[in-house]
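What follows is a short report on a single structure.
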Amino acid sequence: MPANAKVYVIDDDPAMRDSLDFLLGSAGFRVRLFDSAQAFLSEVATLEAGCVVTDVRMPGIDGMELMRRLNSSSRKLPVIVMTGHGDEPLAVEAMKLGALDFLEKPFDDDRLIGMVETALRESGSKSDAVSADMAARVASLTQRERQVMQGLVTGQSNKAIAREYDISPRTVEVYRANVMTKMQAGNLSELVRFAIRAGFVED
């Protein structure tokens with residue numbers, strides 16, 4: 001990864017900023033903290049190469065608006081978003097806007113460090129290869145498994161999916177397990193990310 005790459009942390013919570021500063025600094029990253037998206041955007045044109053780690057829910061300019069503004073600017077920085085529990089719809093929207101990945105709080109320290117390392121070194125070609133791999137996993141699903149995955153990644157419960165396709169919740173659980181195995185997803189958050197990378201989730 002580039003020797004001058006930096007990690008830009010944007011969060012309105014001082015305790016979270018301090019925690020991420022310590023964690024990422026201890027892992028060897030050069031960290032710069034911002035208490036708002038507005039403060040970051042006011043300097044983004046002059047910042048060094050790096051990646052952004054931002055909260056989604058912030059006063060003023062939130063994580064979604066931040067990504068929209070970055071998309072319309074000349075600076076193309078990889079973005080990792082942090083979400084609270086139950087923010088899956090926001091995470092999906094963030095990835096549609098181009099976020100590299102998302103983390104649900106509280107998150108595993110090693111997972112964040114791994115994401116940042118990936119963000120700092122990931123090239124377009126590698127990203128394309130990842131997308132192709134995810135698309136191949138989706139292609140391995142049966143039609144019913146795809147229907148169940150569509151329900152899962154759009155936030156539907158097992159019962160709601162069962163009602164929609166006139167099958168039992170127990171049958172949905174079986175299909176859900178098959179989907180998780182074939183997509184190689186350890187949890188629902190991973191499944192959402194993989195589905196977006198594969199182009200499975202539509203606007």
Side-chain angles (χ1 to χ4, degrees), residues 1-2 5-11 13 16-17 19-21 23-24 27-34 37 40 44 49-58 62-71 75-138 149 152-155 179-180 183-203:
M1 67 186 64
K6 295 188 72 168
V7 182
Y8 302 107
V9 173
I10 308 170
D11 199 304
D13 181 350
M16 179 58 74
R17 289 199 304 275
S19 175
L20 289 170
D21 188 23
L23 171 63
L24 295 169
F29 298 112
R30 296 168 61 213
V31 184
R32 178 135 179 229
L33 306 175
F34 294 89
F40 171 77
V44 69
C51 82
V52 177
V53 177
T54 182
D55 196 13
V56 169
R57 295 185 182 276
M58 295 183 289
D62 64 10
M64 296 303 162
E65 181 61 24
L66 168 66
M67 294 196 63
R68 292 188 189 97
R69 296 195 187 190
L70 282 176
N71 286 342
R75 291 306 305 273
K76 303 302 178 190
L77 298 170
V79 179
I80 297 166
V81 297
M82 299 177 291
T83 68
H85 177 69
D87 277 348
E88 246 92 11
L90 281 179
V92 170
E93 183 183 348
M95 292 194 72
K96 287 178 181 176
L97 288 170
L100 180 71
D101 222 327
F102 72 89
L103 277 168
E104 281 187 287
K105 300 176 182 176
F107 46 76
D108 179 72
D109 291 352
D110 290 339
R111 180 137 176 266
L112 172 61
I113 291 168
M115 279 188 188
V116 171
E117 288 174 343
T118 299
L120 291 174
R121 69 169 177 260
E122 187 167 88
S123 64
S125 59
K126 180 174 179 182
S127 181
D128 289 345
V130 169
S131 296
D133 178 50
M134 296 305 166
R137 295 182 195 181
V138 170
M149 183 165 82
L152 293 172
V153 300
T154 54
V179 167
M180 300 299 275
M183 291 298 295
Q184 299 174 38
N187 53 49
L188 184 57
S189 297
E190 282 193 343
L191 183 66
V192 172
R193 289 198 303 277
F194 294 170
I196 292 169
R197 285 288 184 88
F200 181 81
V201 177
E202 301 295 335
D203 288 314

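Since the model is a prediction, treat every value here as computed from it, not as a measurement.
Of all non-hydrogen atoms in Phe102 and Arg111, the two that sit nearest each other are O-NH2, 3.7 Å. In this structure, Ala195 and Met149 approach most closely via the heavy-atom pair CB-CE, 4.4 Å. Across Leu103 and Ile80, no two heavy atoms sit closer than the pair CD1-CG2, 4.5 Å. The shortest heavy-atom contact between Arg17 and Asp11 is NH1-O, 2.7 Å. The two atoms that bring Asp62 and Val56 nearest to each other are CB-O, 3.3 Å, heavy atoms only. Taking every heavy atom of both residues into account, Leu120 and Cys51 meet most closely at CD2-N, 3.7 Å.
With a 4.5 Å cut-off on side-chain heavy atoms, Lys105 and Asp55 count as touching.
Atom CG of Leu77 and atom OG1 of Thr54 lie 12.0 Å apart (nearest 0.5 Å). The CG atom of Asp13 sits 14.5 Å away from atom CZ of Arg57, with the distance rounded to the nearest 0.5 Å. Note that the CE atom of Met67 and the CE atom of Met64 stand 8.0 Å from one another [nearest 0.5 Å]. Atom CG of Leu24 sits about 12.5 Å away from atom NZ of Lys6, to the nearest 0.5 Å. Atom CE of Met58 and atom CE of Met82 lie 8.0 Å apart (nearest 0.5 Å). Expressed to the nearest 0.5 Å, how far CZ of Phe107 lies from CE of Met115 amounts to 9.0 Å.
In this structure, the side chain of Asp21 does not engage the main chain of Val31 through any donor-acceptor pair within 3.5 Å.
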- Task: List the steps, then state whether side chain to side chain contact (heavy atoms under 4.5 Å, CB included) holds for Leu112 with Leu20.
- Result: CA-CA 10 Å; Leu112 172 61; Leu20 289 170; 3.4 Å; yes

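Note on ring orientation: taking the six-membered ring where Trp is involved, the planes of Tyr8 and Phe40 are tilted (angle from 30° to 60°).
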